[in-house]
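Let me begin by presenting the structure, written as structure tokens, before commenting on it.
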Amino acid sequence: FLVGQAVWSFRIEGRRHATDRFATTLIYSAFVVAIVPLVAILFSVIQKGLEVLRPEFFTETMRNVSSRGTGGGILHALIGTIEQVLMATIIAVPIGVMVAIYLVEYGKGKLATTISFFVDVMTGVPSIVAGLFVFTGLILTFGLERSGFAASLALVILMLPVVVRTTEEMLKLVPKDLREASYALGVPKWRTITSIVLPTALSGIITGVMLAVARVAGETAPLLLTTFLTQSLNWDLFSGPQAALPTFIWDQISSGTDPSVNRAWGGALVLILFVALLYVGARIVAKIFAPKTR
């Protein structure tokens, strides 16, 4: 179709229009190629996940439920995911934002270059390496208990580079005129950053944080190394194995029976909805606290 359209346009409309039509059609084709698999995945997850979603699915655990038995739920995994991701966010976001502020507002010389280099390196670190680092460096060496908190530390390693890079780009988009106007009024640099620069970039920063959360919320390998899984509800983030939605899905898929596979589809749908709700909530918060213009 691309070739035929280009030839037809070249003969009827000329070279300039033919090139424009070819590029436009190519862009739309690339969009379709990218969106079709995404829609297909979402359709499959929603179709198969809705079959097992019921009130009991959110209020029960897998304790004393066999892989071939029906029933059971994701309460233990949902609580684990919320606690682990929340703890990772509490640790990673302040550190990542402050590192980005340093790189944009203060960073000069070799130190800033070194920090930027290691942030780029961390961006490409496989998730299992982060889990292995926490497992060998903290659990085996220093005796940290395998728990939800250990899993959160592994997720922090994966979140940090995303938060730093997205925040850095958002801070760079803030016009320099705003900073200079603040300095001209005698406002200190730290006050300018906290009162003008950060509020202006808040929407983009929150979007970056949500990208980081979306990345770590579905990680499985670090959790298997740092907290493994359990079929019971564990509210204590700092003690004992704690389930999560990714490990719940992995466990149910590994069982291979029809009931367990159905539960895995339900867990996958809940995980997608969990990330979507976080994103919507973050956008609402960003809109509320965004600087008001008159």
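The shown structure was predicted, so the numbers you read here are calculated from the model rather than taken from an experiment.
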Please tell me if the side chains of [X] and [Y] come closer than 4.5 Å, counting only heavy atoms from C-beta onward.
X	Y	answer
Leu178	Val197	no
Val216	Val162	no
Thr70	Val65	no
Thr207	Thr166	no
Leu225	Val134	no
His76	Gln231	yes
Val125	Phe133	no
Leu153	Ile91	yes

Report yes or no: does [X] contribute a side-chain atom to a donor-acceptor pair with the main-chain N or O of [Y] at less than 3.5 Å?
X	Y	answer
Thr226	Pro222	yes
Arg179	Asp177	no
Thr141	Leu138	no
Arg263	Gly73	no
Ser152	Gly148	yes
Thr227	Leu223	no
Glu60	Leu75	no
Asp236	Gln242	no
Asn234	Pro241	yes
Asp251	Thr247	no

According to a hydrophobic-cluster definition based on side-chain heavy atoms being under 4.5 Å apart (Ile, Leu, Val, Met, Phe, Trp, Tyr only), do [X] and [Y] belong together?
X	Y	answer
Ile79	Leu237	no
Ile101	Ile95	yes
Leu185	Leu198	no
Leu271	Leu233	no
Phe248	Ile82	yes

Tyr106 OH: over 12 foreign heavy atoms closer than 6.0 Å: yes

Minimal non-hydrogen separation, [X] against [Y], with atom names:
X	Y	answer
Leu158	Glu219	CD1-CG, 3.8 Å
Gly69	Pro259	O-CB, 3.5 Å
Pro161	Val119	CB-O, 3.6 Å
Gly109	Thr113	O-OG1, 3.0 Å
Ala154	Ala130	O-CB, 3.8 Å
Ala92	Met159	CB-CB, 3.9 Å

Indicate whether the side chain of [X] and that of [Y] have a donor and an acceptor atom separated by less than 3.5 Å.
X	Y	answer
Ser67	Ser255	no
Arg165	Ser116	yes
Arg63	Ser232	yes

Aromatic plane relationship, Phe238 with Phe149 - under 30° parallel, 30 to 60° tilted, over 60° perpendicular: tilted

Results of side-chain contact (heavy atoms from CB on, under 4.5 Å) for Leu86 - residues two or more places apart only: Ile90

Ring pair (Phe, Tyr, Trp, His ring centres under 6.0 Å) against Phe58, all qualifying residues, sequence neighbours excluded: none

